[in-house]
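See structure below.
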Amino acid sequence: MNKELLRIEGLKTYFDTWAGIVKAVDGVDIEVIEGETLGLVGESGSGKSVTALSIMRIVPSPGKIIEGKIIYKEENLLEKSEKALREIRGKEIAYIFQDPSTSLNPVLTIADQLLEVILAHQEISKKEALEKAIELLKLVEIPDPDVKIWNYPHQLSGGMKQRIAIARAIASQPNLLLADEPTTNLDVTIQAQILELMQNLRKRLGMAMILITHDMGVVADIADRITVLYAGRVCESADTKTIFYKAKHPYTQALLTAVPSLALRTDKLKVIPGNIPNLIEPPSGCRFHPRCEYAIEKCTEKIPELIEIEPGHKVACFRALEINLESPLGGAKNN
Amino acid sequence: MTRYIIRRLLYLIPLFLGILIIVFAATRVAGDPVRLMTAMNPHITEEARNNLTAYYGLDKPLWHQFLIYLANLLKGDLGNSYVIRGGIEVTSLIGDYIWPTMLLQIVSIILALLIAIPVGVISARRKYSKTDVTVTTTSLLGTCIPIFYMGIIVILIFAYYLGWFPAGGYVTVISESKDYFLGSRTLDIIWHMVLPVAVLTFALLAPIVLLIRSSMLEVLKQDYVLAARANGLNDRKVVYKHALRNALIPVVTYVGIYFGAMLAGAPITETVFNWPGVGRLFVQATNRLDFPVIMGITVIITLMTLIANLITDLTYGYIDPRIRVE
Amino acid sequence: MQKILRELIQEKNKTKGASQWNIAWRRFKKNKTALAGFFIIGIIIFMAAFDSLIAPYGPNTIPGFYSGETRAPPSSKYLFGTDYVGHDVFSQVVYGASSALFVGFAAALIVMLLATVVGVVAGFYGGIVDNILMRITEIFLVIPFLLILLVFLKVITALAPSGGGGLFMVTLMIGIFSWAANARIIRGEVLRVKEQEYIEAATALGATKTRIMIRHILPNVLHVIIVLTTLMIATAILVEAGISFLGFGDPNAITWGQQLQKASEAVKEAWWEGVFPGLFITLLVLGFTLLGNGLRDSLDPRLRE
Amino acid sequence: MEVQKIINKEILEVQNLVKHFPIYTRGIFLKKQVGLIHAVDDISFSIKRGETFGLVGESGCGKTTTARSILYLDQPTSGKINFEGKEIITIFSSKNKEEKQKLRRKIQYVFQNPYASLDPRMTVADIITEPLTIHTSLPKKELYQKLYELLELVGLEPYHAERYPHEFSGGQRQRICIARALAVEPKLLIADEPVASLDVSVRAQILNLLKDLQQKFNTTYLYISHDLSTVRHLCNRVAVMYMGRIVELAETQELFDSPLHPYTKALLSSIPIPDPLAKKSRIILPGEVPSPINPPIGCRFETRCIYKKDQNCIKYPPKLVHIGKGHFVACEKTKKP
């Protein structure tokens with residue numbers, strides 16, 4: 001059995017806004033094993049980013065972690081002091097944001113932004129830190145690192161900026177990397193470059209990674225396990241193959257079929273009716289029930305628990321075992 | 001960068017000319033200044049009037065007069081006063097009065113910035129706390145109280161009732177019964193400066209604090225601030241290194257504008273505190289229709305405002321690298 | 001992050017047919033400070049409307065003069081005391097309200113007319129029109145505004161020693177010299193709206209320039225104009241008070257600034273003479289500032305949280 | 001036969017379209033031009049009546065500029081655009097209001113971002129009927145009748161008419177945009193990344209809607225996207241753009257089955273496939289797209305090409321050559337089949 005690195009239990013993070021309390025994350029359970037890549041999949045408003053921010057305890061105001069446990073290396077991060085947490089942020093757990101043009105400070109040079117992170121966690125001289133920063137830029141394959149390091153973010157392309165953001169995240173060789181849609185704003189050919197780079201770095205440095213994305217293609221490619229979120233709750237969690245070939249939650253299934261595929265051409269796409277739910281007054285019971293074709297009376301009344309139906313495969317659906325969902329990829333291929 | 005400075009400087013020339021034309025027009029709206037000045041004098045003869053007009057060169061066409069003024073201005077000659085000290089040169093008159101004005105204004109703006117930045121930042125970081133509410137309420141009041149009213153209240157309390165500071169003036173007039181504060185002229189000036197500087201500083205401070213606060217609130221929501229926190233930087237670094245510099249970008253422009261407004265408001269502040277600066281001189285000159293002095297002071301204050309604007313522009317370029325590179 | 005939040009909230013607004021103005025009104029009602037501003041303005045408007053009923057003495061009467069009660073401290077007879085010639089300060093303050101309101105509203109009207117025309121034309125047409133208008137705006141922005149104002153007012157008074165153009169002239173001058181900053185903000189706002197995709201969409205649909213201006217751009221910058229107008233009223237009141245304080249106002253009008261000027265000669269002896277008029281200037285300016293800030297918070301669709 | 005001919009007639013023909021954006025720096029007194037952004041550089045293609053033509057490429061490749069040029073939202077630098085046999089650049093640049101309005105009516109545009117392309121201060125009813133009020137003089141009653149028809153057509157409820165855009169989700173807003181575009185029954189609908197900013201679960205709804213509507217009204221679509229999977233789903237023919245040029249153009253099936261241009265190949269292989277067991281033969285392109293201010297002189301793709309390049313690639317821009325079955329490629333290496 002692989003060693004567990006991070007476990008989230010019953011996490012609730014709410015935002016107190018003028019319109020009401022937004023229950024962005026409402027009882028999420030996740031675990032990450034050392035050295036693995038966990039794909040955290042969901043659409044906008046599913047709570048995937050908020051979950052990641054909660055792990056670092058940097059949920060921006062008016063957001064607040066209401067309850068739950070975030071256990072990292074057997075210690076609950078939610079009980080730690082702010083000072084102790086600073087030792088973890090950037091050193092043990094690092095974060096890569098979606099849009100490098102907003103996550104890099106526009107008024108500081110690349111050198112400035114890399115050095116401060118290195119110096120915050122390592123007891124070395126400024127000169128050594130600078131050498132290390134250039135080393136990092138080489139690691140993320142930036143051409144002319146000793147020139148580019150003196151640039152400001154706006155002088156670099158989107159792909160380059162994301163490489164810098166990655167360099168900053170791995171500066172202190174963290175154990176866990178939280179990558180929040182790191183390639184969403186990039187072109188596909190650049191996305192391919194960045195994904196490959198991240199995978200190589202992850203293997204080389206032995207990090208675990210939580211990859212947050214809405215793109216099933218990306219997770220199919222690089223995730224070992226996948227957790228699917230919908231409206232602030234976990235629907236399903238299993239290894240990648242199982243999710244794609246033996247999904248048991250109707251939402252997971254819907255995500256797979258609603259996307260036009262390059263491989264097979266259909267005349268009509270299967271549609272998930274309705275819209276993303278409102279998280280101030282979320283639907284009663286199972287949050288997916290208004291859009292679910294398999295919903296029964298019970299689904300509207302009770303919230304389904306996340307249950308392990310076979311080793312490593314958890315589903316939050318009352319009818320997971322009754323209904324027979326067919327993978328769009330064909331069910332037979334896997335075993 | 002040099003190119004940028006040169007461009008800004010050249011850019012100011014038409015601006016300056018435009019202002020000059022308006023001011024010049026203002027002094028000539030009523031026609032011949034001599035006629036205005038002598039309107040109250042029943043004894044003056046038509047001939048004397050004409051002589052005066054010719055003496056001041058007012059018989060030439062308006063555009064001609066303007067060009068002469070411009071040419072003299074380039075030579076550093078602002079003409080002679082019509083009334084003060086038997087037609088003293090305006091340059092030397094302003095030379096006497098400008099230093100108290102500069103002293104007051106520059107000390108106030110520096111103090112205002114030194115106080116406003118940390119206060120604004122603290123207020124933004126503790127949004128809706130007691131500190132924040134106190135700071136925002138006080139600042140809001142500060143933007144609403146007329147500066148002369150504030151001056152009168154302060155004089156009433158600190159000069160008349162408490163007697164801590166003098167009610168006005170620049171320096172004690174030495175007589176048998178009076179000496180400089182603690183026997184030193186410098187200390188005496190500082191002692192006289194306390195109240196006007198306090199009022200001016202507060203008036204400048206209030207809008208800047210509100211601006212920094214709101215700008216800071218905006219910046220603190222940005223991803224790069226979140227990223228800095230995610231990298232384990234301590235709060236001081238996150239706030240003062242990452243957030244503040246970005247928050248100052250929109251503030252800088254306004255500081256230039258407020259400073260210009262304060263300078264232009266010098267007549268009011270200096271009148272309240274009986275401060276011997278160009279502002280009070282301006283009020284006296286205007287009341288006596290002493291146009292060369294009026295023009296001279298306006299030119300000087302405009303130039304100071306333009307310099308403040310230039311400094312603002314350069315600071316802007318310094319803070320925001322995106323402007324610098326173009 | 002903010003985008004995510006916005007999307008999370010957006011679903012909440014499913015109440016029936018709520019226009020942005022409706023929502024703004026709802027938010028405004030919740031804004032206590034804005035309501036306080038509204039309340040202050042209301043009281044002062046009431047004062048101005050019924051001044052002859054509220055004031056115990058007439059505007060030009062000097063009750064204290066005959067009874068020897070000049071510069072008398074506040075009492076039940078003279079609520080705010082009397083001034084140097086024996087005017088009842090309270091009555092004078094009451095009569096000053098309509099002057100302050102007149103200056104505020106009329107100057108703001110002139111300013112906003114000029115600023116809106118310049119700002120919208122410059123922003124909408126761009127190019128050389130914009131260039132010329134903006135250079136002129138810059139001149140008015142940098143010009144030492146109070147100095148010019150004083151010179152103009154003095155010269156006009158000197159031309160007609162019987163009292164010049166009066167309060168209206170003061171107002172007009174304030175209007176002519178303070179539109180520049182507002183014009184610049186409005187232009188910026190027009191430029192921002194012009195860049196929006198829905199303007200492009202309207203062009204692609206075949207909408208004419210006039211239609212785009214009236215149906216799309218104006219409604220989307222209106223909230224800015226409303227807020228600026230409110231804040232401008234506050235500024236104009238402050239400026240008029242300053243001018244009057246320096247003795248360049250209309251000597252025949254009763255204004256708070258002039259009361260302060262007369263009082264400042266003898267604050268030591270009669271504090272009440274200046275403290276009360278000043279208090280009312282501050283209150284009225286505060287009222288409009290609070291209202292303006294409140295309107296900004298509730299009208300700006302970008303400030304949702 | 002006659003009918004066939006009309007159906008196959010080309011509705012839109014773009015010939016040698018060029019759009020360069022000048023870049024200025026502010027000089028001491030006047031601004032001066034310091035360069036050109038080569039947004040679209042000599043492209044030609046045609047769209048048949050009733051088909052869906054896809055324009056694919058990464059950000060900055062010029063696909064949106066092409067669409068904006070067709071709509072005359074950007075004035076083309078040179079080239080010709082024929083729409084239903086008439087040269088429309090001349091019409092748009094002329095003073096003939098009537099002709100211009102006719103064209104505006106016939107060509108409609110659906111924008112990428114449904115959050116930005118709807119006026120926040122107008123009700124849905126005003127938004128959808130705006131093209132009708134501009135182009136027709138229908139009485140109010142008929143206008144409303146039409147409005148409710150349109151709402152139903154795009155799957156919205158009648159009570160939505162009195163609401164404002166901010167009350168809708170992204171998918172619903174895009175429905176409003178589509179209803180607005182269809183209000184005047186256009187001949188050509190240009191859809192610029194209509195689903196790019198939508199959530200996955202809503203995307204399929206809009207794609208299906210577009211498809212249904214096309215069948216219903218026989219509208220011609222120009223579909224612009226960076227997302228090859230939606231292009232494959234929707235389009236009959238596809239043109240691939242790179243740095244302002246078309247590098248390959250073919251029937252959809254043909255292009256996806258046997259891409260010839262090295263860029264198309266890399267692009268196709270870069271798309272992550274939602275199948276963990278799919279075979280991955282990913283071509284990762286080296287480097288980044290060069291600056292559009294100083295594009296490579298020869299083949300624009302030369303700097304990142306994985307084929308062995310020669311002098312011809314560096315010196316001369318390759319021509320888009322027909323290699324059979326309506327398949328065009330602009331590459332020295334694949335010229336001969």
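Every chain is numbered from 1 and lettered A, B, ... according to where its sequence line falls, protein lines coming before strand lines.
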inquiry  = Whether B:Arg245 engages the ring of B:Tyr318 as a cation-pi pair (distance to the six-membered ring centre under 6.0 angstrom, angle to the ring normal within 45°) should be assessed.
reply    =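 Flagged: B:Arg245 positioned over aromatic ring of B:Tyr318.
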Relative to chain B, which segment of [X] carries a heavy atom at a distance below 4.5 Å: side chain, backbone, both, or neither?
| X | answer |
| --- | --- |
| A:Glu82 | side chain |
| A:Leu104 | backbone |
| A:Ile93 | backbone |

key: ring pair (Phe, Tyr, Trp, His ring centres under 6.0 Å) contacts touching residues 212-251 of chain B (sequence neighbours left out)   =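 As it turns out, there is no ring pair (Phe, Tyr, Trp, His ring centres under 6.0 Å) pair with a partner in residues 212-251 of chain B once direct neighbours are skipped.
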key: ring pair (Phe, Tyr, Trp, His ring centres under 6.0 Å): pairs with one or both residues in residues 86-118 of chain A, sequence neighbours excluded   =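 Applying ring pair (Phe, Tyr, Trp, His ring centres under 6.0 Å) to every pair that reaches into residues 86-118 of chain A, excluding sequence neighbours, yields A:Tyr95-A:Phe97.
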ask   = Looking only at atom types and distance, does a side-chain atom of A:Glu128 sit under 3.5 Å from a main-chain N or O of A:Ser125, one as donor and one as acceptor?
value =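 Flag set: sc A:Glu128 to bb A:Ser125 pair under 3.5 Å.
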Pick from A:Gly90, A:Pro106, A:Ala94 with the largest number of heavy-atom pairs that fall under 4.5 Å of chain B =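 Among the listed options, the one with the most contacts to chain B is A:Pro106.
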request  = Side-chain contact test, heavy atoms from C-beta onward, threshold under 4.5 Å: evaluate it for A:Lys64 versus A:Thr13 and give yes or no.
outcome  =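 No - every pair of side-chain heavy atoms lies 4.5 Å or more apart.
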query = Non-hydrogen atoms of chain A under 4.5 Å away: do they reach the side chain of B:Ile249, the backbone, both or neither?
reply =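 Looking at B:Ile249, just its side chain touches chain A.
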